[in-house]
Structures are given as C-alpha cells and as structure tokens.
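Report on one structure; see the data block that follows.
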Amino acid sequence: MTQDKLIQENFITKIIDDDNASGKWGNRVHTRFPPEPNGYLHIGHAKSICLNFGLATKYQGKCNLRFDDTNPLKEDSEYVNSIIEDVKWLGFQWEKEPLFASDYFEKMYNYALILIEQGNAFVCDLSFEEVRNLRGTLTKPGSESPFRERSIKENIELFLKMKAGEFADGEKTLRAKIDMRHSNLNMRDPIMYRILHSSHHRTGNNWSIYPMYDWAHGLEDSIEKITHSVCTLEFEDHRPLYDWYLDRLSVYHPQQIEFARLNLNFTIMSKRKLKRLVDEGHVDGWSDPRMPTVSGLRRRGYTPESIRNFSDKIGVTKRDAIVDVAKLENALREDLNKKAPRVMGVLDPIKIIITNYPDDKLEYIDAKNNPEDESAGKRKIAFSKEIFIDRNDFMEEPPKKFFRLSFGREVRLKFAYYITCNDVVKDSDGNVVELHCTYDPETKGGMSEDGRKVRGTLHWVSASEFIEADIRLYDRLFNDENPEAGGDFVKNLNVESLKTIKNAKLEISLASADSNCIYQFERTGYFVLDSKDSKKENLIFNRAVSLRDSWAKINR
RNA sequence: UGGGGCGUCGUCUAAUGGUAGGACACCUGGUUUUGGUCCAGGCAGUAGGGGUUCGACUCCCUUCGCCCCAGCCA
C-alpha cells in the first residue's frame, strides 16, 4: 500500500481511535463498500470507496466489496462487472471475493421467522395505497394495520406461503411491529419483505420475496462482522431501525456512521439525472469524458492517484458541501505534472518558412521528456525549413504584454533555435496563411551564447515529419456552477463542452503513443488517447485538463 | 409546522476551554528553454444575540438559515 491510500484524520477516525482505546471491537476495523449494482460508479462513490478502503488501510483492517442486490427490478450483472473494474482501477483490493447480499437471503429469511416468533413482525394484507394512507404524515401519527394482531401461527403460515410464491406481487408484505405513532416515519411498522415475482441476476427465480434495505443491510453488516458501517447522511433517520432489528435478534451489532456525500459544482451526481444525459444523447454514454463517472474520468485521462488525493483533500464531515471542481482539476495537474512525458503538438497550425534554413536539411535535436523528472531522459525531434506553430502564438498587432511571435520580433522555438519574423503572408481575405522567418544558427538548442534574452518560447512541429490526429477538447458540462439553476439542468448544458479539432499536427513519436499514458502537450494541456474511438489509422486524443494559463487571465 | 442532522475565509477543511491554521481559488513579486512547475508574499472566516469563564469556534440559552424523512427504492 502506498502512502497516498492513507486518509487524513476526520470525525470517523476519531470514533475509531476511541473504540480502539476502549477495546470496543478488540482493535479490529472492518468496513465495507456496499453499492447497489443498478448503475455506474461516479466520483461521489469514489469518495466513499477511498474512505472505506482508506480506513481499513490506516488501521490495518479489512474492507469488503459487497453488492447490496436486494431489488431484482433494478439490478444487473453488467453493473456488477463495471463496479468491480472501477474499484480495482482506483487501486483498492477488497477482502477475498466480492460479496453479495443475495447470498444471505436464506439467513435473512430465517431471521425473519425468528422475529415473527417473537411477535415482532406480522404479515399484512394492506394494499400499497392503504399502507400509505395509514402511515400518517410528518406531523400526524399513523394508524395500525387491521392485520397487526394476527396470531404467530397464522403469520408463519402466511409468510411461508409468501416465500412459496402463492401470492401475487403486492398482495402481502411482512412488516415489523414497532410503533405507528413514532415520530420517525421509518419506525411506523416498516415493511421487511415484499413479494416480487422477478428474476434476480444471481438467484434467478429462487425467491418470490425480497428483503427491504433496512431489514437487509444491518444483517449483511452483522453477518460480515463489520465494525463501522459507514453510509451517507440520508440514512441517519434509518439508524434507529438498523439498531432495532439487530437488537431484537441479539446478533452481532456494527455501528452505523453517517457522513456527507460529495457534491461538485458544474456537474450533477444523481444517477437518475446522469442516466437522462445518456438516454437523451447529450453525452456519449456513461463513459463520456465529460461525465463524473469513474469510467468517464478514466477515459478523460484522470489517474487513480489524482482521484485518491482529491478524496483525501476534501475531507470527511457531516456538513452538506459543494466542492469546487477546480480542486479536482488541481489534483490531476498536480499528479500529471510529476509524471506526464512532454511532447509537442500544434492544435491550430500556421506554417512558418525559415527562409535562411537549407531547403532539404532535416536535423534531429534533443528534447527533454520531463523537466520535473531527469530520469525520464531525452528524445530526438525533427527540425526543418518548414514548421508549424499554433495560430494564437502569433499576433500582427500584439498588445503590450504579448511576448510571443509578431512581426520583427525574435522568439525561441523550444529546444531548437531563435527565429525572427520578417514577413506575413495573407490570403485575399486578409487571413494570415504563412509566416516567413529567419533563424539564428548560433542558437541551436534554444540558447544564445551572447546572453541575449527572448521573452517568448513556442512549441512547434516540423512540417517534414509529423503525424495528424483529431483532438477533443473537453470543458465543463454545464455553464452554471449550479446545473439546476433556473429549473431544468438540460437547459444549462454547455454547448461548447466538446470541441473537436481535425488534423492537429503532432510530433511523430506520438504515432506509437501508449494508450495508458497521459502526455503533456507542451504549453497546452494533458492529453490521452481516447480508449473508445481512437484507431491506429485515425488517432484521437482527449484533453484531460488544460495547463494553468495566466496569459488567458491577463487577456480577459 | 413532527423527527433527525448541519452552520468556521469565495470554496473545502483543521483547531473541543488557551495565538482561528491548511488546501483550492484569487492577487503581487521572483526563478524558469512550457505565460507550466517551483519559490516568496498577500487577500479573506467562527450565522445573529445573550450568558458562563481570567479566557469561548469550542460549554449553556435563544434567534436565524440550510439539508434529510410521508417507496412494497437504496
């Protein structure tokens, strides 16, 4: 385990420290990450993953990956597989094999029988609507079901029949007998089992009754001997019920602890809303690089380390909070700055002809692969009479603080030579099509003996030796930091969140770009081969994140 | 408006009775063969009002604000 998988102190580590001091769990820490396999994981789940696995690592404990698959209507093994892949990719290893709540159905069923025998549960014939009507409201107590006082014998017979599939969906439920006047609505005779004649992704048609979350979850934790059952804030109201079930059964009883889920500005986190973006075709599926899904971030060029570091930096509390997405971007830049090999790529090319450079000469010059890491070494890049630079690195009439190329000005071509612009060639519409420059042969490598200074250093690509590729420039998916502002989030979609550039000119080494490597295009940003659409004969690079750009700020 | 939870720089987060600190963002300046990185500095906060105390982000009272709960979802 590397150091960055450890988490910083928070209110949960304090609870654990206290527990260890008192010997509550015998110095044992055992957490779990319990996703329902009904969709793809997103950055919010990543926070929970980093927390649960991070706690286990910090305290030399264990963390289970457990699928909470108690609702066959919504779940699918496709999601199981993607979740397994995502957790692995994030760099975490669970205890043994992935676990499934559905593997405990038989145990849960037997526990339910115990509760019935205790007189703490009953079979209820009320319809969906009748249950709702008798539940009461936030301010008014509910009323008891007319079936609440059935005999234990009758309850057992009925429950057996429910299990045997003798009733239709919705015809009966098993309910806990608690208190219909309770101020916490979760305690008003909550439903433990519902009848669902539906095929389950693992148990097939073995069951016609399925346990509800509150009944199932505590038992899952109990069976696995979890110590700290960490979940999000909205389950705080459910804790009394979690405790009630385990107390009645007198079984091993973990402690449920709630923390605030992650919110990020400029994006949405709800599975339902993300699904709408997919279904309505606003994005290219769940792994679109603009999606906050783990698979989307991966395709975008995010690294597991950056996501783990981000999770650590945002902390863990009980306050609702909206984290600035800039913090996520910062975590990526921080990681990539250290590791990303530098290459040169010209996105919006304008040709330069170096008039005093020999026509047929092609020379290879040394370029550093990473100034942050000498061990990354050097490579040779081609230099020739004709080269490309980016259009926005030239201005005919530069503003005061512009120190890139303009008429009559000398700049450095990174690693190559100083050049001076002498002539601007335009088409009939007045667009700049070509620049004529001269170079100083004495400045090879990009340095002059006489100590003369140049303000600007440009990236460039030889027009004699280069490859072309498509570039996808991604930006934030929404225009407003709060996508919900003004109603429908679809209306706040940023129509410029994806700009595609055709035929960008890249240095030739990128012809054999590694699809697992994220490159820094000097002065531009971090790019990765698109894992879905890039082909050998048509390379496509995604921009993970731009470099910080203080020139753009000055310009504003 | 029944119950449960939460209020600290613009944002996220420390400090649990003893100098309100860090990160991101923003702004200066320096270094730089990336207007990147790095370095130095700056800006900026305890929701309001009372009380206890030598001393309060922290304890008490009170007001205000925000979030969650009326699925046979999780």
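Proteins get letters first, then strands, A, B, ... in listed order; numbering begins at 1 in each. Quick caveat, the model's predicted, so the values are computed rather than measured.
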Next on the checklist: Over all strands shown, is A:Pro211 touching base, sugar-phosphate only, or nothing at heavy-atom distances under 4.0 angstrom?
Outcome noted: sugar-phosphate
Checklist entry - Contact class for A:Thr317 (heavy atom, under 4.0 Å): base, sugar-phosphate, or nothing? => result sugar-phosphate
Next on the checklist: If I pick the C1' atom on B:U53 and the same atom on B:C60, what distance separates them, to the nearest angstrom?
Outcome noted: 12 Å
Checklist entry - Donor-acceptor pair under 3.5 Å: do we get one between A:Arg404's side chain and the base of B:G35? => result yes
Checklist entry - Quantified in whole Å, what is the C1' atom distance between nucleotide B:U13 and nucleotide B:A20? => result 13 Å
Item to check | Nearest-Å distance for atom pair CD1/P, residues A:Ile322 and B:G7 | outcome: 16 Å
Item to check | Length of the line joining A:Lys327:NZ and B:G10:C1', which is rounded to integer Å | outcome: 12 Å
Item to check | Under-3.5 Å donor-acceptor pair between A:Lys140 side chain and B:A70 base | outcome: no
Checklist entry - Rounded to the nearest Å, what distance is computed from the NE2 atom of residue A:His45 to the P atom of nucleotide B:A74? => result 14 Å
Item to check | A:Gln520 (side chain) and B:U34 (base): donor-acceptor pair under 3.5 Å | outcome: yes
Checklist entry - Base, sugar-phosphate, or nothing for A:Tyr193, non-hydrogen atoms under 4.0 angstrom? => result nothing
Checklist entry - Which part of the nucleic acid, if any, lies within contact of A:Lys401, taking any heavy atom under 4.0 Å across all strands shown: a base, the sugar-phosphate backbone alone, or nothing? => result base
Item to check | Partner nucleotide of B:G55 by Watson-Crick or wobble geometry (both distances under 3.5 Å) | outcome: none
Next on the checklist: Measuring to OP1 and OP2 of B:U37, would you say a side-chain N or O of A:Arg342 lies under 4.0 angstrom away?
Outcome noted: no
Checklist entry - With stacking defined as ring centroids separated by under 5.5 Å and planes differing by under 30°, is A:Tyr213 stacked against B:A74? => result no
Checklist entry - Taking only side-chain nitrogens and oxygens of A:Thr70, does any of them come within less than 4.0 Å of OP1 or OP2 of B:A74? => result yes
Checklist outcome for this item: Any strand, both distances under 3.5 Å, Watson-Crick or G-U wobble: B:A14 pairs with none
Item to check | Residue pair A:Glu224 / A:Asn64, side-chain donor-acceptor N/O under 3.5 Å | outcome: yes
Next on the checklist: What is the separation between atom CG on A:Leu126 and atom P on B:G71, rounded to the nearest whole Å?
Outcome noted: 14 Å
Item to check | Gap between atoms CG and C1', on A:Asp237 and B:C6 respectively (whole Å) | outcome: 13 Å
Item to check | Integer angstrom distance from the P of B:A14 to that of B:C73 | outcome: 36 Å
Checklist entry - Considering only the C1' atoms, how many Å lie between B:U16 and B:U32, rounded to the nearest integer? => result 46 Å
Checklist entry - A:Met344 pairs by side-chain contact (heavy atoms from CB on, under 4.5 Å) with which of A:Ile381, A:Leu413, A:Ile389, A:Leu510? => result A:Ile381
Item to check | Rounded distance [0.5 Å steps], NE2 in A:His182 versus CE in A:Met187 | outcome: 5.0 Å
Next on the checklist: Before we go on, tell me: are the rings of A:Trp460 and A:Phe388 under 6.0 Å apart, centre to centre?
Outcome noted: no
Next on the checklist: Mind checking if A:Glu236 touches a base, just sugar-phosphate, or nothing, with heavy atoms under 4.0 Å?
Outcome noted: sugar-phosphate
Checklist entry - Between A:Glu258 and A:Lys318, is the closest basic N to carboxylate O distance under 4.0 Å? => result yes
Item to check | Electrostatic pair A:Arg188-A:Asp179, nearest N-O below 4.0 angstrom | outcome: no
Checklist entry - Within this structure, what is the CD1-to-P distance between A:Ile191 and B:A70, rounded to whole angstrom? => result 13 Å
Checklist entry - Do the side-chain N or O atoms of A:Arg333 get closer than 4.0 angstrom to the phosphate oxygens (OP1, OP2) of B:U37? => result no
Item to check | Any A:Lys313 side-chain nitrogen or oxygen under 4.0 Å from OP1 or OP2 of B:C24 | outcome: no
Checklist entry - What nucleotide among B:G36, B:G35, B:C24 has an atom nearest to a side-chain atom of A:Ala326? => result B:C24
Next on the checklist: Considering every strand and a 4.0 Å limit on heavy-atom distances, what is the contact class for A:Pro35: base, sugar-phosphate, or nothing?
Outcome noted: nothing
Next on the checklist: Work out how far the C1' atom of B:C27 is from that of B:C9, and round it to whole angstrom.
Outcome noted: 15 Å
Next on the checklist: In whole Å, measure the gap between the C1' atoms of B:C57 and B:A40 for me.
Outcome noted: 31 Å
Next on the checklist: Roughly how many Å apart are B:C39 and B:G5, using the P atom of each and rounding to a whole number?
Outcome noted: 43 Å
Checklist outcome for this item: Using Watson-Crick geometry (N1-N3 plus N6-O4 or O6-N4) or G-U wobble (N1-O2, O6-N3), each under 3.5 Å, B:G7 is paired with B:C64
Checklist outcome for this item: Rounded to whole Å, the CG-C1' distance (A:Leu458 to B:G35) equals 11 Å
Next on the checklist: Counting the atoms with a prime plus P, OP1 and OP2 as sugar-phosphate, which does A:Phe403 contact under 4.0 Å by heavy atoms, base, sugar-phosphate, or nothing?
Outcome noted: base
Checklist entry - For A:Asn71, which contact category applies under a 4.0 Å heavy-atom criterion: base, sugar-phosphate, or nothing? => result sugar-phosphate
Checklist entry - Going by a 90° cut-off around 0, is B:G42 syn or anti? => result anti
Next on the checklist: If you take the centroid of each ring, where Trp contributes its six-membered ring, are A:Tyr111 and A:Tyr245 closer together than 6.0 Å?
Outcome noted: no
Checklist entry - Less than 6.0 Å separating the ring centroids of A:Tyr213 and A:Phe235? => result yes
Next on the checklist: Please compare A:Ile195 and A:Ile554 by the position of their nearest nucleotide in RNA chain B and report the one closer to 5'.
Outcome noted: A:Ile554
Item to check | Nearest-Å distance once atom P is located in both B:G17 and B:G41 | outcome: 32 Å
Next on the checklist: Pairing check on B:C72: which nucleotide meets the Watson-Crick or G-U wobble criteria with it, both distances under 3.5 Å?
Outcome noted: none
Checklist entry - OP1, OP2 of B:U37 versus side-chain N and O of A:Lys368: anything below 4.0 Å? => result no
Next on the checklist: Check this for me, if you would: do A:Asp549 and A:Lys553 make a salt bridge, where the nitrogen-to-carboxylate-oxygen distance has to be below 4.0 angstrom?
Outcome noted: no
Checklist outcome for this item: On RNA chain B, more 5' by nearest nucleotide between A:Arg548 and A:Ile314 is A:Ile314
Checklist entry - B:G22 base to A:Gln8 side chain: any donor-acceptor pair below 3.5 Å? => result no
Next on the checklist: For a quick check of understanding: with a heavy-atom distance under 4.0 Å over all strands, which category does A:Lys453 fall into, base, sugar-phosphate or nothing?
Outcome noted: nothing
Checklist outcome for this item: Ranking B:G7, B:G35, B:G36 by distance to the side chain of A:Arg319, first place goes to B:G7
Checklist entry - In whole angstrom, what separates A:Leu233's CG from B:C68's C1'? => result 8 Å
